[in-house]
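These numbers come from a predicted model, not from an experiment.
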Amino acid sequence: MLAQVVVDVPTRQTNQPYTYAIPEELRQYVVVGMRVVVPFGQGARKVQGFVVGLLTTDLNGFDGELKAISQILDLYPIVNAELLKLSDWLANWTFSFRISILQAMLPNVMRAKYTRYLQLVDEVDDEILYGIFHGQERIIFDENTLTATSLAQLAKLRRNKQVVVTYEVTSKAKVKTESGIQTSLSFEQLEDIKLGLRANAKQQNKLLSYLQTLEPGEVVSQHQLRDRLALSNAVINTAVRQGWASKQPIEIYRQPSKTIVQPDQPKVLHSQQAKALQKIKAASGTPTTFLLEGVTGSGKTEVYLQAIDYELQHGKTALMLVPEISLTPQMMHRVKKRFGTKVAVLHSGLSAGERFDEWRRIERREATVVIGARSAIFAPLENIGIIIMDEEHEASYKQDENPRYHARDVAKWRSAYYNAPLILGSATPSLESRARAQKGVYQLLMLTERINQQALPEVKLIDLRQKIMHAKEQSVADELLVAIKERMAQHEQSVLLLNRRGFSSFVMCRDCGLVVQCPNCDIGLTLHMDTKTLKCHYCGHEEAIPTQCPNCRSKAIKYYGTGTQKVEIELQKLLPTARVIRMDLDTTSKKGAHEKLLKAFGNHEADILLGTQMIAKGLDFPDVTLVGVLNADTGLGIPDFRASERTFQLLTQVAGRAGRADKPGTVFIQTYNPTHYAIKMAQAHDYEKFYRYEMQIRHLAKYAPYYFTIKIQASHADERTAALMMTKIGQWLRQRLTAEVTILGPTPRSIARIKNRFYYQIILKYQNVPIVEQVMQELQLIAQANSRNGMQLIIDREPLNFM
DNA sequence: AGCACGCCGACT
DNA sequence: GTCGGCGTGCTC
């Protein structure tokens, strides 16, 4: 018996299964989908691998000597047949390595950790034995253990074969346990002990009586025993010491949320909701993709929950994806209320251990409903009956590091595999999805009415060109201030959106015009008042605020542009009685901070919630009747063909926060472009009109959804090397590809340097040109060949970020 | 990724 | 002669 193993060496040349012998003692344990440790390469370095197949004899043409699997890391398969097949497809689709996909599918703790050791194999002199090895035969070998001088000595020792370097694979995945108590004594034996106790040993008597009630072999948790019998640990420990009972670890789950939720019942649907649900139910057992286009407040979530319930009742499981940012406690609560302990939640707020435990609950089929952000699309559910992707247009569904997958593509694949309907839901669908619904590839379900027939909020534009606000350095217009005051008088709340954190966006010398730049990136630094520093939002560089210009020594340093911190101070000045909560990356970076701030706002501990785009989604507060957008234009200036779409989506979403209950809402949008179609159509709440208009633009400009795009990006510490590489690739592509493929570039990225690396890119646009796939595979080989000298090449299918 | 091998200039 | 730096090829 032989095993096909994908090894943990993410390179193009090793992106294939290797054949290993299975030692006799492991023969009955090794199965497909299990993690193993194998020797790989010279020196038989140990690496982690995944068994992806078993063979009997044929070696796939390999005629060398086989090595054997060293050990197994799991006792059962942790990647099932479906996910294994998916990993194969997704690796090809995203131009990434199979091992990277397999790693991405599993909780972080299951990724291999390697420890490097130095081992003595021959006699060495005492200076080395004690100086480097501290008298031991084996030491951990990392950057800290050796100084530069001993490193030179070491090279010599290695050449002389006096020491060897070895690697060991360790799994970080730890099962959490608590201590449990059991007894191996019989009822009668315990009775005898009780009789022998001193009369004042009341507690021991109580404990022994309890132990008598246990079934043979039954283990009770120590803390439960303590609580139930009101005992101290000392009593239990004495019993253990006497041999009356023994300790036994019990496996437990880390509980991410201990709050007990009250179950609720399905709500009554309005007629459009009921019709949509009917169609979804009718498609049960088929791989149908639906686009559920529903205005904010139309009750999409209730449709999802009832559709999930339907599949659960038929013995199936369900997967629901939401963007990370809207995976709020409110949302989790809502799902848990309906499905109780069947729900597993996967999101970034969990610790690595908690995530692992939720994953195990799914894998053991204890949880049948999974709700989570992007990576939850790989949840090890079996027998999936329905997949839901809420806010399907959200860019966070695409991972912007390797492997660059889009959760929507994975969702479609799994939907096809399980014959399960896929529901893409949004108030503002991506043009790609909306166009597919138009063509009939997806079934379009529309929800145009809101629950309780609420009117959509009135949206007013404030034309900043007409204002003299900049002269006064005021970032909130007077009519918006008046409106906020009115809400405060009525004990209602306001939400203000400003899509820029920090205090001001750049710092400039008024005498010489110098803008203070990041030393590592080609971008201006942002002023942060709370830390009294200038920060780079790309690499995290931080420096003191200069008191004089570093160029001309002038003291006329001035802050330009507005960030959330500045508006917060401004509001305190203009509305001294207003209580403001600021929510941005700076105030929510600590674990649980996000939740705490929202809870405080929900409890009316503030009148105004001021924040970046993270406040636009998912939050639902009944007393918010006013929404203000302070800078609707920032998104429009970005060099990206989706700039209008993003602006429209953001404005529509944030507008949806106003007036959800019985109170009508009002929205103010401050803009320098009041005639821009994205802003006008967001004002009119007219997605369909926006869709038709934007489609024309995309058609003319040859962009999605009419064309596919691939971004090829090279980066290098040396600018000329990066530029040269891309010029060569550009020439090569023009030779290899027909004129049907548009090749844009190479051009420097809009921020050409980030973290001291220079970026150049090429964009490919094409419709149905099969050769593109093959050319991209060839390009990967070029990328691999050049990776040695610090060149990084990225191939990104359907990039969402052109910056 | 990490290791060996081979080529080539520099040094005891 | 041989030490050590770097480019290249290979890993069941």
> Given atom CD of A:Q16 and atom P of C:dC10, what is their separation to the nearest angstrom?
Replying inline: 12 Å
> In whole angstroms, how far is the P atom of C:dT8 from the CG atom of A:N786?
Replying inline: 10 Å
> A:Y397 versus A:R408: any side-chain heavy-atom pair under 4.5 Å?
Replying inline: no
> Going by atom types alone, do A:N786 and A:R788 pair a side-chain donor with an acceptor below 3.5 Å?
Replying inline: no
>> Nearest whole Å is fine: how far is C:dT11 P from A:L66 CG?
In response: 13 Å
> Which part of the nucleic acid, if any, lies within reach of A:Y20 when heavy atoms closer than 4.0 Å are counted: base, sugar-phosphate only, or nothing?
Replying inline: sugar-phosphate
> Under 6.0 Å from the CD atom of A:E137, do we count more than 12 heavy atoms belonging to anything else shown?
Replying inline: no
> In whole Å, what is the span from the OH atom of A:Y167 to the P atom of C:dT11?
Replying inline: 19 Å
> Atom CZ of A:R12 and atom C1' of C:dC10: how far apart are they, to the nearest Å?
Replying inline: 16 Å
> At under 4.0 Å, does any side-chain N or O of A:Y18 touch on OP1 or OP2 of C:dT11?
Replying inline: no
>> Applying a 4.0 Å non-hydrogen cut-off, can you work out what A:P39 is touching in the nucleic acid: base, sugar-phosphate, or nothing?
In response: sugar-phosphate
> Between C:dC12 atom C1' and A:E65 atom CD, what is the distance in whole Å?
Replying inline: 11 Å
> Do A:Y707 and A:F641 have ring centroids that are under 6.0 Å from one another?
Replying inline: no
> For the pair made of CG in A:L781 and P in C:dG9, what is the distance, rounded to whole Å?
Replying inline: 13 Å
> Hey, is OH on A:Y114 packed in by over 12 heavy atoms from elsewhere, all under 6.0 Å?
Replying inline: yes
> For DNA chain B, which nucleotides open and close the run of contacts to chain A, 5' to 3', at under 4.0 angstrom from a non-hydrogen atom?
Replying inline: B:dA1 to B:dA4
> Rounded to the Å, how far apart are A:I22 CD1 and C:dC12 C1'?
Replying inline: 13 Å
> Which is it for A:E358 and A:R361 under the salt bridge (charged side-chain N to carboxylate O under 4.0 Å, His left out) test, yes or no, and what are the steps along the way?
Replying inline: CA-CA 5 Å; A:E358 287 293 89; A:R361 283 184 58 227; 3.0 Å; yes
>> Under a 3.5 Å threshold, yes or no: a donor from one side chain and an acceptor from the other, between A:E778 and A:Q774?
In response: yes
